[in-house]
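Since we're looking at a predicted model, the values are computed, not measured. Throughout, numbering of the chain's residues begins at 1 and tracks the sequence.
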Amino acid sequence: MRVVITGFEPYLEYAENSSWEVARAVASRDNCGVEVVAELLPVSFTRVGDALRGAVERNKADYIILLGQSGGSDRVKLERIAINMMDARNVDNDGFLPNEQPIDQSDSAALFTTLPVKALRSAIEAKGVGVKISNSAGLYVCNRSYFEALRLCREQRVKGALFVHLPYYEGQSSAKPGKPTIVLEDMVTAIQTIIINITTDK
Ligand code: PCA
């Protein structure tokens, strides 16, 4: 079994991105025999789709776990849905600012993960890590990448994909003051729990 775990590069005022710190930490651990490869994605609406496809092909991935930073959140969020729209208040790393435009006019309005988010939530809760299910990954680059991942599932290039939004980690110097943080190790535990669950169920 091979899992590609993606994290995002720095963007806006965030010199570190918790998603990449967690992705590379998980890939460096023993994950019960599952091969886990971390891949860095660009914070770019136009480039992220091809970057993800390339990472999946290069690694012959069975599953994709995508991580993104959701600054201000106090827990791990399992995203259920990707929406066919791009909109932003802030430019991406290419200086692009989409205004309510579809990712692909000819595709569905939304795509849903086929992975069991409720069972995964329970498994993470059982490890004592704060977690919830979210029904919107926003309309920024994270949502754009998730839409591509769920298309890869539909094309049966991978068996499943899940996007997980993460808070700032404790000690992250670019975290906004006064916002919640959680220890990096708890996020690593949550992601390892997802990996073990999805690869042993099937
Ligand atoms: N979070 C942003 C994009 C990159 C990241 O880590 C988002 O939630 O869309």
Look at the side chain of [X] and the backbone N and O of [Y], then say whether any donor-acceptor pair between them is shorter than 3.5 Å.
| X | Y | value |
| --- | --- | --- |
| Asn93 | Tyr11 | no |
| Asp87 | Gly138 | no |
| Gln69 | Ser18 | yes |
| Ser134 | Lys77 | no |
| Asp92 | Gly95 | yes |
| Asn31 | Val26 | yes |
| Tyr169 | Ala175 | no |
| Asn84 | Ser108 | yes |

Which is it for Met86 and Thr46 under the side chain to side chain contact (heavy atoms under 4.5 Å, CB included) test, yes or no, and what are the steps along the way?
-> CA-CA 11 Å; Met86 300 184 286; Thr46 45; over 6 Å; no
Determine, step by step, whether Val164 and Leu66 satisfy the side chain to side chain contact (heavy atoms under 4.5 Å, CB included) criterion, reporting the C-alpha distance in whole Å, the side-chain angles of both residues, the deciding distance to 0.1 Å, and the verdict.
-> CA-CA 6 Å; Val164 184; Leu66 305 101; over 6 Å; no
Qualifying residues under side-chain hydrogen bond (donor to acceptor under 3.5 Å, both in side chains), relative to Arg80, sequence neighbours excluded = Asn135
Can a side-chain donor-acceptor contact be found between [Y] and [X] if the only test is distance below 3.5 angstrom?
| X | Y | answer |
| --- | --- | --- |
| Glu16 | Ser174 | yes |
| Ser44 | Asp94 | yes |
| Asn17 | Glu9 | no |

Is [Y] close to [X] at the side-chain level, that is, under 4.5 Å between some pair of heavy atoms?
| X | Y | value |
| --- | --- | --- |
| Asp186 | Val183 | yes |
| Ile103 | Asn143 | yes |
| Ile64 | Val56 | yes |
| Arg75 | Ile182 | no |
| Lys132 | Leu78 | no |
| Lys176 | Tyr14 | yes |

Same apolar cluster: [X] and [Y], side chain cutoff 4.5 Å:
| X | Y | answer |
| --- | --- | --- |
| Ile133 | Leu120 | yes |
| Tyr168 | Leu184 | yes |
| Val34 | Leu115 | yes |
| Val129 | Leu67 | yes |
| Val43 | Leu12 | yes |

Write down the atom of [X], the atom of [Y], and the distance for their closest heavy-atom approach.
| X | Y | answer |
| --- | --- | --- |
| Ser73 | Pro167 | O-CB, 3.1 Å |
| Phe8 | Ser145 | CZ-OG, 3.6 Å |
| Leu166 | Ser19 | CD1-CA, 4.0 Å |
| Thr113 | Ala161 | OG1-O, 2.6 Å |
| His165 | Cys142 | NE2-SG, 3.5 Å |
| Ala190 | Val76 | CB-CG2, 4.2 Å |

Using a strict 4.0 Å threshold on nitrogen-to-oxygen distance, state whether [X] and [Y] make a salt bridge.
| X | Y | result |
| --- | --- | --- |
| Glu155 | Arg53 | yes |
| Asp104 | Arg151 | yes |
| Arg144 | Glu148 | yes |
| Glu21 | Arg24 | yes |
| Arg2 | Asp62 | no |

Tracing side-chain links under 4.5 Å among I, L, V, M, F, W and Y, which residues wind up in one group with Met85?
-> Ile81, Ile83, Phe112, Leu139
Any chance you could measure [X], atom [atom1], to [Y], atom [atom2], to the nearest 0.5 Å?
| X | Y | atom1 | atom2 | value |
| --- | --- | --- | --- | --- |
| Tyr63 | Leu162 | OH | CG | 12.0 Å |
| Ile124 | Thr189 | CD1 | OG1 | 10.0 Å |
| Tyr146 | Leu52 | OH | CG | 12.0 Å |

In terms of the angle between their ring planes, are Tyr140 and Phe45 parallel, tilted or perpendicular, with boundaries placed at 30° and 60°?
-> perpendicular
With sequence neighbours left out, write down each residue that passes salt bridge (charged side-chain N to carboxylate O under 4.0 Å, His left out) with Glu185, or none if nothing qualifies.
-> Arg29
Answer yes or no: are there more than 12 heavy-atom neighbours, outside Glu13 itself, under 6.0 Å from its atom CD?
-> yes
Could you go through the side chain to side chain contact (heavy atoms under 4.5 Å, CB included) check for Ile65 and Val4 one step at a time?
-> CA-CA 6 Å; Ile65 312 240; Val4 162; over 6 Å; no
Check against side chain to side chain contact (heavy atoms under 4.5 Å, CB included), Val37 and Ile5 | CA-CA 6 Å; Val37 182; Ile5 178 165; over 6 Å; no
